[in-house]
Undergrad: 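Structure provided below as structure tokens; questions to follow.
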There are 2 protein chains.
Amino acid sequence: MLQLTENGGPLTRQTLADTVYETLLEAILSGKIASGAELNEVVLARELGVSRTPVHEAIAWLAADELIELSVHRARVKTMTAQEVTDLYDVRLLLESNAAERAATRIDTASLQQLRSDAEELAKTKDAADWPARAITFDLHFHDVVAEASGNARLRSEIQRYRILVRAFCRITGAQVKNLLHSFQEHLAILTALEQRDPKAARDAMTVHIERRVKVVLAEIYHREASHNSCLSVPPTAQRAPRLRSGTVK
Amino acid sequence: MLQLTENGGPLTRQTLADTVYETLLEAILSGKIASGAELNEVVLARELGVSRTPVHEAIAWLAADELIELSVHRARVKTMTAQEVTDLYDVRLLLESNAAERAATRIDTASLQQLRSDAEELAKTKDAADWPARAITFDLHFHDVVAEASGNARLRSEIQRYRILVRAFCRITGAQVKNLLHSFQEHLAILTALEQRDPKAARDAMTVHIERRVKVVLAEIYHREASHNSCLSVPPTAQRAPRLRSGTVK
DNA sequence: CCTTCGTACTCTGCATGCAGAATACTGCAT
DNA sequence: ATGCAGTATTCTGCATGCAGAGTACGAAGG
């Protein structure tokens with residue numbers, strides 16, 4: 001039977017609000033919209049060629065992601081301090097290392113074999129021009145497979161959510177082949193642990209992987225801050241309280 | 001200096017969309033809106049006395065929480081299977097046990113003393129009529145303090161997010177004084193571990209606590225399903241794919 | 001010169017209108 | 001009776017209008 005989508009479900013709806021969300025997310029994480037910048041629904045709508053409605057929704061979603069802080073008549077891009085980046089990666093570390101641990105006992109051999117052959121293919125062609133692009137694809141796929149193999153759908157979607165949030169930082173450092181190579185080798189270590197069905201080893205390997213990545217990212221951020229060319233900055237004033245949709249629930 | 005809000009920030013904005021979100025969340029989790037029910041923006045708007053706009057936003061947020069699945073022209077309350085409840089609590093367990101572990105070394109003595117005196121006060125008045133209500137308040141507060149003391153703002157907000165999602169289940173079983181008593185005793189164990197500044201013990205105590213709670217909840221759910229009076233049910237047909245805002249991001 | 005009060009403007013939140021897409025129903029043919 | 005096709009209906013997504021709240025700026029007084 002033909003299965004068009006990954007999970008056999010219908011295609012993911014793509015509304016204008018979704019597109020705007022992704023566009024703004026991309027712009028914020030990449031630094032095209034600077035930290036602390038104020039977002040104006042009207043000008044964004046004009047800029048993007050849509051009405052205020054989808055922009056409004058997208059901003060609300062970004063606020064739920066805590067990338068934007070909403071005060072009364074203002075939507076500002078939150079200033080991401082090094083501390084917040086660390087916190088972000090700490091939670092990601094928690095989620096992904098747990099997924100790896102769970103996956104070690106649950107992942108099916110077919111997935112393992114697929115990952116292994118993909119990895120070998122990648123290892124054989126390290127000098128190809130398109131290696132970096134394929135290495136990034138493998139990276140994403142690898143984490144997806146592990147998250148899926150955790151057997152916990154919630155955990156999987158949380159991991160995917162967090163990957164979105166750290167995507168920009170991955171790109172900051174991911175462009176360098178040196179980092180991609182290190183990352184690839186760490187993936188191999190995780191894969192080996194999974195093949196040995198060793199939960200503890202898988203967990204440790206994933207922990208090492210993410211800890212090294214965050215170190216690289218933080219170093220890069222520090223470097224950028226030093227050169228005053230950063231999309232990250234220290235908070236100019238006292239932080240406002242994040243708007244939590246659930247904040248007033250008893 | 002007078003500090004009106006918990007974190008010194010401005011009051012949390014409460015828009016109509018927020019209110020509708022909370023109302024629908026409450027209705028879904030409590031079972032007033034049954035699993036599998038279809039949500040119609042127009043009738044909900046009429047029901048709540050608002051326009052479609054805030055209802056539309058609230059539904060989008062609930063979909064992001066994966067409590068509602070959005071297909072093309074339909075918004076249905078997701079059917080929560082026992083598996084999904086288990087997954088939910090597994091993630092919560094992961095988050096909260098990590099928070100407890102981190103809190104053990106970071107929580108300040110003032111918070112510890114406050115918790116201890118609150119606990120003693122509660123222990124002394126176990127026969128009071130309002131004890132259950134105050135026990136629930138203490139429960140919420142306790143988890144809040146631990147999450148805050150983790151020192152990771154992200155982790156804290158994720159924990160609060162997940163508490164919202166399991167709130168209904170807490171209420172299912174929380175009304176019974178027996179469970180509240182057990183829960184309270186488990187909190188005491190966590191508190192003791194925190195006082196001893198023992199991360200491992202704090203983590204274990206939190207793990208035990210949440211594992212016992214999920215057991216009670218699952219037993220209750222099973223009981224309700226058996227009596228055909230459940231807000232939970234098995235999926236009537238194949239599950240649709242959840243709409244992920246981030247689903248189409250490369 | 002600084003502070004304070006008042007006014008005008010800006011921006012968001014909500015309501016509503018409209019169009020397109022998907023579904024459901026009905027009738028017809030097999 | 002069942003399957004298919006065409007039509008009508010329903011529902012959502014987006015655009016836009018409007019009103020209220022907050023801010024910013026300016027003027028006047030200390």
Undergrad: Quick check for you: among dT23(D), dA15(D), dG13(C), whose closest atom lies nearest to any side-chain atom of E41(A)?
TA: dG13(C)
Undergrad: Relative to each other, are the rings of H143(A) and H209(A) parallel, tilted or perpendicular (30° and 60° limits)?
TA: parallel
Undergrad: Does any pair with a residue in residues 40-49 of chain A pass salt bridge (charged side-chain N to carboxylate O under 4.0 Å, His left out), and if so which ones, sequence neighbours excluded?
TA: E41(A)-R52(A)
Undergrad: Starting at atom CG of L70(B), determine the distance to atom C1' of dA21(C), rounded to an integer number of angstrom.
TA: 15 Å
Undergrad: Verify the contact: side-chain N or O of S51(B) to OP1 or OP2 of dC14(C), cut-off strictly under 4.0 Å; return yes or no.
TA: no
Undergrad: To the side chain of T53(A), which of dG22(D), dA15(C), dT16(D) is closest?
TA: dT16(D)
Undergrad: Taking CD from E57(B) and P from dT16(C), how many angstroms apart are they, rounded to a whole number?
TA: 16 Å
Undergrad: Checking all strands, does R52(A) fall into the base, sugar-phosphate, or nothing category for heavy-atom contacts under 4.0 angstrom?
TA: base
Undergrad: Could you work out which one of dT12(C), dT23(D), dC14(C) sits closest to the side chain of V42(A)?
TA: dT12(C)
Undergrad: Could you state the atom-to-atom distance from CD of E38(B) to C1' of dA22(C) in whole Å?
TA: 13 Å
Undergrad: Consider the side chain of H73(B), meaning its heavy atoms from C-beta on, and name the nucleotide among dA15(C), dA15(D), dA21(C) that approaches it most closely.
TA: dA21(C)
Undergrad: Tell me the interatomic distance from L39(A), atom CG, to dC11(C), atom P, rounded to whole angstroms.
TA: 12 Å
Undergrad: Between P on dC11(D) and CG on L44(B), what's the gap in Å once rounded to a whole number?
TA: 11 Å
Undergrad: With respect to the phosphate group of dG13(D), does any side-chain polar atom (N or O) of H56(B) fall under 4.0 Å of OP1 or OP2?
TA: yes
Undergrad: Strictly distance-based, threshold 3.5 Å: is any side-chain N or O of T86(B) a donor or acceptor partner for the main-chain N or O of A82(B)?
TA: yes
Undergrad: Rounded to whole Å, how long is the line connecting atom CD1 of I68(A) with atom C1' of dT12(C)?
TA: 14 Å
Undergrad: Of the listed nucleotides (dT12(D), dC14(D), dC14(C)), which one gets closest to any side-chain atom of N40(B)?
TA: dT12(D)
Undergrad: Quickly work out the L16(A) CG to dT16(D) P distance and round it to whole Å.
TA: 12 Å
Undergrad: For G49(A) and R74(B), take the nucleotide of DNA chain D holding the closest heavy atom to each; which residue's nucleotide lies nearer the 5' end?
TA: R74(B)
Undergrad: Does S97(A) reach the main-chain N or O of L93(A) with its side chain, forming a donor-acceptor pair under 3.5 Å?
TA: yes
Undergrad: Atom CZ of R46(A) to atom P of dT10(C): distance rounded to whole Å?
TA: 12 Å
Undergrad: Just by distance, do the side chain of D87(A) and the backbone of N152(B) share a donor-acceptor pair under 3.5 Å?
TA: no
